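Given the structure is predicted, the values throughout are model-derived calculations rather than measurements.
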Amino acid sequence: MCDKKGVYNFNEIEKKWQDFWQENKTFKANDDSDKPKYYVLDMFPYPSGQGLHVGHPEGYTASDIVARYKRMKGFNVLHPIGWDAFGLPAEQYAIQTGTHPAETTKNNIDNMRKQIKSLGFSYDWDREINTTDPKYFKWTQWIFLKFFNSYFDEEQQKARPIDELVIPKGLSDQGKAEYIDDNRLAYEAEVAVNWCPELGTVLANEEVINGLSERGDHPVIRKPMRQWMLRITKYSERLLDGLDEVDWTDSIKKLQHDWIGKSTGAEVDFALDGFDEKIRVFTTRADTLFGATYMVMAPEHPLVDKITADSQKQAVEEYRRTASRKSDLDRTDLAKEKTGIATGAYAVNPVNGQKIPVWISDYVLISYGTGAIMAVPAHDDRDFEFANKFGLEIIQVVEPPSQQDKDAVAKGQLCFSGNGRAINSGKFNDLGTAEFKEKIASWLEENDLGKKAVNYKLRDWLFSRQRYWGEPFPLMHQKNGSIIPLTEDQLPLALPLVKDYKPAGSGEPPLSNAPDWVNVTLPDGSKAKRELNTMPQWAGSCWYYLRYIDPNNAEIFCDSEKEKYWMNVDLYIGGAEHAVLHLLYSRFWHKFLYDYGYVSTPEPFQKLINQGMILGTDGQKMSKSRGNVVNPDKVIADYGADSMRLYEMFMGPLEASKPWNMHGVEGVHRFLQRFWRVVIDEETGALSQSVQDVDADDETLRLLHKTIKKVGDDVENFGFNTAISAMMIFVNHLVKMQVKPKSAIEKFVLILAPFAPHIAEDIWQKLGCQTTLAYEPWPGYDPQFVKEAQFELAVQIKGKIKDKIVVDADATEEQIKEIALSSEKVIAAMGGKEPKKVIVIKSRLVNIVV
RNA sequence: GCGAGCGUGGCGGAACUGGCAGACGCGCUAGAUUUAGGUUCUAGUACCCUUAGUGGUGUGGAGGUUCGACUCCUCUCGCUCGCACCA
């Protein structure tokens, strides 16, 4: 084998073409082109020390096939890649070894870039970006400052400069400043965070598992800390509406829809017996007001202190202390029984003047609605459970439609939360649920007791992290507490060098270890301190797709003419794990930039595809501990990048999870090898003698055209596995032929090229073509050849196949019927009976009913 | 608990809009080439039965609609993934 000159030497071929593409900048996207544009984007990777795993190339291969296909279809294609390079692992490594995260990151990027290049993806490498590059994060900081300097105009439903905010009259200077700060889209707030005393740091929700830290299993508690927040909730409605405009799967849309969690209902004020204050509640079931038998406030509710009776003070205090120590996870653990304590205070039900007790319980969340509820135990499962536990009154006010439920609910044995007919509700009796809601809302409004209201589950975005390896906030704090943002010419604000990457024990972030950087003298001689928090990893990925459009612009994050040409992203491929957060955050930033006219489209990503997970050979998720991780470098070394790409696509549908199988790689490798041998003489490396300039026979021509159609259609629909299967069928046909028509092979090479570009380029060259095939037009097909000349007609009697007859494709229904009925086998099978009904499906089958 | 998705040979998977289930690949069996293994090539391969047929059964299970169901409807079982007290 080794002495033959012309064997399929994939290592050599792949290196040769990767070098060629790089030297010739084959895939450089042109900003100034008459061609229609196509922007195909991959979710950029975090450059980890582990390097690439086989999951990465799945999405990247799919997008690369589309990119290459679209180029051949005459599109000007933008297909970029970069690095989402801020993040915790490099920082942890720095804590352990003292290596600067920038160095670790650079090494990891160099390694992964090499790996990615070895797969032959058609990226425009001149547009490579890196979120940790100061030239990049300058603009992340710049966008943050825009948020800081903006407010949300409710009337226009859009962001506007903070200077244009109308400030209420009669405020003191301090009051004005506070009013402004309260309206900024980036604001500071004291919020409860996951604090891990053992690690001395704050953790993200995802890093807390069952109340313990993911790393090291240390206890995590809730602790209020000053944090930066982004007011994403102002965009709830627009983020919801925008989902109608994009071409995403229903399941992803639903995920985002539910995450935003819009619910419409009413706010109702309950007077407090003996106090001037009122308790305001939010409810979606104002029609059950007559059944409200008690109230519950969140333990953190500001009224609790005021209204608690002296006799309950101690118990209430203790309950609040316990609740505050619980993590969110503990609090939401359904397995736990409901807890709570009465405050000793009473509220008055506005519809009937009934005095009802006020309790506190941690099943009511301070962060949703008004932080207090009216409890209707007969018609709310949670209230039902609570009332039963503490012996509170249950009054039925809705009659269920089903007789069975009716009795159980009446006896107080069952809670019914569906719609029904109103009872025990005074003048509202007999109303249906929907109608009741309307009527009671108007009644509340007329009597100044409440109004219609909308609530969202979506919370403002906690945007600061107590970490080193992130974008510094471009802000300074003065002694008097006021905040001075940096000006645009002061950006980027780079990270300082520190000796110690650990957070200070007090919870001060690692940046406090760089006093020279932290302490600033302002032009007027006064002192200020820089913000010590950094931004979360999501920040850089919120807008990276815009930077690819204009990666080196020093004046603006993206030139608006170029933005208008390239946006929006036509196809976005990435993992489903980002279905909510990344995609929601970047849509939010995009809409914000849209408000200022920096981007021209309301949504960034038109079409979204989530590739499925690649599992280990054992069908389990790949992990180091299971020892089932497949190394892509090894696969490429053994079988080549083309085989790797082909196998990743051949495994199954792109969006499905599927297990890896090394024999499968061998299978597609054999396919490439077989094709190679069809065309190339293995002894000499020249074109095989059997490839000749002859006309293709009818069968070959039909198969070729059918294959061209099938592969093109499948690429358009992301059915890469079936496209490959069609190409295998074609090659199997070629193998059988003594003389192979060169013209057919030329066309076939072109459709293979997006999938296995190296071998295709090489064969293209051996066929005598001088230059790269990357911009050769995608071959067309002739519809007349796609149809078969004849087909095999299946003849069924009562749905069972009795005969198969070859029939001309242009036979009429009558002719087909006749042919079928005159078949000997059919006549025999009918046994002399007369056909009752004959169903003819053209070009498929005939079904005879007797 | 709620929501979404999925169940097809030994395995990964195909099957257009209700029209021949199992394309393509893996694996396996037999044969050819080879000193042998591997490679390559040829033939076969859903299951069951028998005298190998013009046979029976088959798309998680049970019903239904239809001339005809992997496909549509109802119920049910199993798996996977989200969400998880949002009033």
Trainee: Output the rounded distance in Å from CG (A:L255) to C1' (B:G82).
Mentor: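 After rounding, the gap between these two atoms is 6 Å.
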Trainee: Provide the distance between the two P atoms, one in B:G19 and one in B:C26, to the nearest whole Å.
Mentor: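 Straight-line distance between the two P atoms is 29 Å.
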Trainee: Summarise how protein sits on nucleotides 18-31 of chain B as a single string, 5' to 3': B when a protein heavy atom is under 4.0 Å from the base, S for sugar-phosphate-only contact, - for no contact.
Mentor: -BB--BBSSS----
Trainee: If you check every side-chain atom of A:F282, which of B:A87, B:C67, B:G13 has the closest atom?
Mentor: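 So the side chain of A:F282 is nearest to B:A87.
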Trainee: Given the P atoms of B:A14 and B:G7, what is the spacing between them in whole Å?
Mentor: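 One P to the other, the span is 9 Å.
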Trainee: Measure from CG on A:D713 to P on B:C16 and round the result to the nearest Å.
Mentor: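 One finds 14 Å between P of B:C16 and CG of A:D713, rounded.
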Trainee: Return yes if some donor-acceptor pair links the side-chain N/O of A:H705 with the main-chain N/O of A:F785 below 3.5 Å, else return no.
Mentor: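 Flag not set: sc A:H705 to bb A:F785 has no pair under 3.5 Å.
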Trainee: Please convert RNA chain B into dot-bracket. A pair counts if it is Watson-Crick or G-U wobble with both distances under 3.5 Å; crossing pairs go in [ ] and bases paired with another strand get |.
Mentor: (((((((..(((......[....)))((((((.......))))))((((...).)))..(((((..]....))))))))))))....
Trainee: First locate atom CG of A:N455, then atom OG1 of A:T284, and finally report the distance between them rounded to the nearest 0.5 Å.
Mentor: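 A:N455 CG to A:T284 OG1: 10.0 Å, rounded to 0.5 Å.
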Trainee: Take atom C1' in B:U59 and the same atom in B:G18, then report the distance between them in whole Å.
Mentor: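 Going atom to atom, C1' in each nucleotide, I get 15 Å.
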Trainee: So what does A:K457 hit on the nucleic acid, given a heavy-atom distance under 4.0 Å: a base, only sugar-phosphate, or nothing?
Mentor: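 Base, at least one base heavy atom under 4.0 Å.
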Trainee: Please confirm whether the ring centroid of A:F10 lies under 6.0 Å from the ring centroid of A:H669.
Mentor: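 Ring-ring flag for A:F10/A:H669: true, centres closer than 6.0 Å.
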Trainee: Using the C1' atoms only, state how far B:U65 lies from B:C11, rounded to an integer number of Å.
Mentor: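 Going atom to atom, C1' in each nucleotide, I get 35 Å.
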Trainee: Please state how far atom CE in A:M662 lies from atom C1' in B:C11, giving the value in whole angstrom units.
Mentor: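 Taking atom C1' of B:C11 as the reference, CE of A:M662 is at 16 Å.
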Trainee: Rounded to whole angstroms, how far apart are CD on A:Q256 and C1' on B:G82?
Mentor: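 It is 13 Å, rounded to the nearest whole Å.
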Trainee: Which part of the nucleic acid, if any, lies within reach of A:S263 when heavy atoms closer than 4.0 Å are counted: base, sugar-phosphate only, or nothing?
Mentor: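 Sugar-phosphate contact only.
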Trainee: Can you check the distance between B:G5 and B:G10, where both ends of the measurement are the P atom (answer in whole Å)?
Mentor: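 One P to the other, the span is 28 Å.
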Trainee: Looking at CD1 of A:I848 and CD1 of A:I839, how far apart are the two atoms once the value is rounded to the nearest 0.5 Å?
Mentor: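 It comes to 10.0 Å.
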Trainee: Can you see which heavy atom on A:I360 is nearest to which on A:V296, and at what distance?
Mentor: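 Scanning both residues, the minimum pair turns out to be C-CG1, 4.0 Å.
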Trainee: Whole Å only: how far is the CG atom of A:D618 from the C1' atom of B:C11?
Mentor: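 About 14 Å, once rounded to whole Å.
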Trainee: Rounded to whole Å, how long is the line connecting atom CE of A:M613 with atom C1' of B:C81?
Mentor: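 So the CE-C1' distance, A:M613 to B:C81, works out to 9 Å.
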Trainee: Just say parallel, tilted or perpendicular for the rings of A:F718 and A:F720, cut-offs at 30° and 60°.
Mentor: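 A:F718 and A:F720: perpendicular rings.
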Trainee: To the nearest angstrom, how far is A:L654 atom CG from B:G12 atom C1'?
Mentor: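 Atom CG in A:L654 sits about 15 Å away from atom C1' in B:G12.
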Trainee: So, OP1 or OP2 of B:A87: does either fall under 4.0 Å of a side-chain N or O from A:Y368?
Mentor: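 Yes, because at least one side-chain N or O of A:Y368 sits under 4.0 Å from OP1 or OP2 of B:A87.
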Trainee: Quick one: does any side-chain atom of A:E648 pair with a main-chain N or O of A:E58 as donor and acceptor, under 3.5 Å?
Mentor: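 Looks like yes, one N/O pair under 3.5 Å.
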Trainee: Would you call the rings of A:F675 and A:F748 parallel, tilted or perpendicular, where under 30° means parallel and over 60° means perpendicular?
Mentor: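 Judged by the thresholds at 30° and 60°, the geometry between A:F675 and A:F748 is perpendicular.
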Trainee: Would you mind telling me which of A:D642, A:V715, A:T61 makes a side chain to side chain contact (heavy atoms under 4.5 Å, CB included) with A:F755?
Mentor: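 Single side chain to side chain contact (heavy atoms under 4.5 Å, CB included) partner of A:F755 among A:D642, A:V715, A:T61: A:V715.
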Trainee: When you measure from the centre of the six-membered ring of A:Y456, is the NZ or CZ of A:K262 under 6.0 Å away and within 45° of the axis?
Mentor: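 Here A:K262 fails the 6.0 Å and 45° test against A:Y456.
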Trainee: When you measure from every atom of RNA chain B, which of residues 370-378 of chain A have a heavy atom less than 4.0 Å away?
Mentor: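 Contacts with RNA chain B under 4.0 Å: A:I373.
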Trainee: On the 0 to 90° scale, with breaks at 30° and 60°, tag the A:F390-A:F386 ring pair as parallel, tilted or perpendicular.
Mentor: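 If you compare the ring of A:F390 with that of A:F386, the planes turn out tilted.
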Trainee: Nearest heavy atom decides the nucleotide; on that basis, is A:V580 or A:V735 closer to the 5' end of RNA chain B?
Mentor: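 Final value for this comparison: A:V735.
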Trainee: In whole Å, what separates the C1' atom of B:C24 from that of B:G31?
Mentor: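 Pairwise C1' distance, B:C24 against B:G31, rounds to 24 Å.
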Trainee: Between A:E337 and A:K389 (salt bridge meaning N to carboxylate O under 4.0 Å), is one present in this structure?
Mentor: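 Counted as a salt bridge, because a side-chain N and a carboxylate O are separated by less than 4.0 Å.
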Trainee: Syn or anti for B:G9, with syn set at within 90° of 0?
Mentor: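 Nucleotide B:G9 adopts syn.
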Trainee: Between A:W259 and A:R285, which is nearer to the 5' end of RNA chain B once each is assigned its nearest nucleotide?
Mentor: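 The residue whose closest nucleotide sits nearer the 5' end is A:W259.
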Trainee: When the C1' atoms of B:U45 and B:U51 are compared, how many Å lie between them, rounded to an integer?
Mentor: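 Here B:U51 and B:U45 have their C1' atoms 23 Å from each other.
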Trainee: Using the P atoms only, state how far B:A62 lies from B:G13, rounded to an integer number of Å.
Mentor: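 To the nearest whole Å, 24 Å.
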Trainee: Taking all heavy atoms of A:P754 and all of A:I751, pick out the closest pair and write down the distance.
Mentor: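 Of all heavy-atom pairs spanning A:P754 and A:I751, the closest is CD-O, 3.3 Å.
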Trainee: Measure the distance from CD on A:Q620 to C1' on B:C79 and round it to the nearest whole Å.
Mentor: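 Whole-Å distance recorded here is 13 Å.
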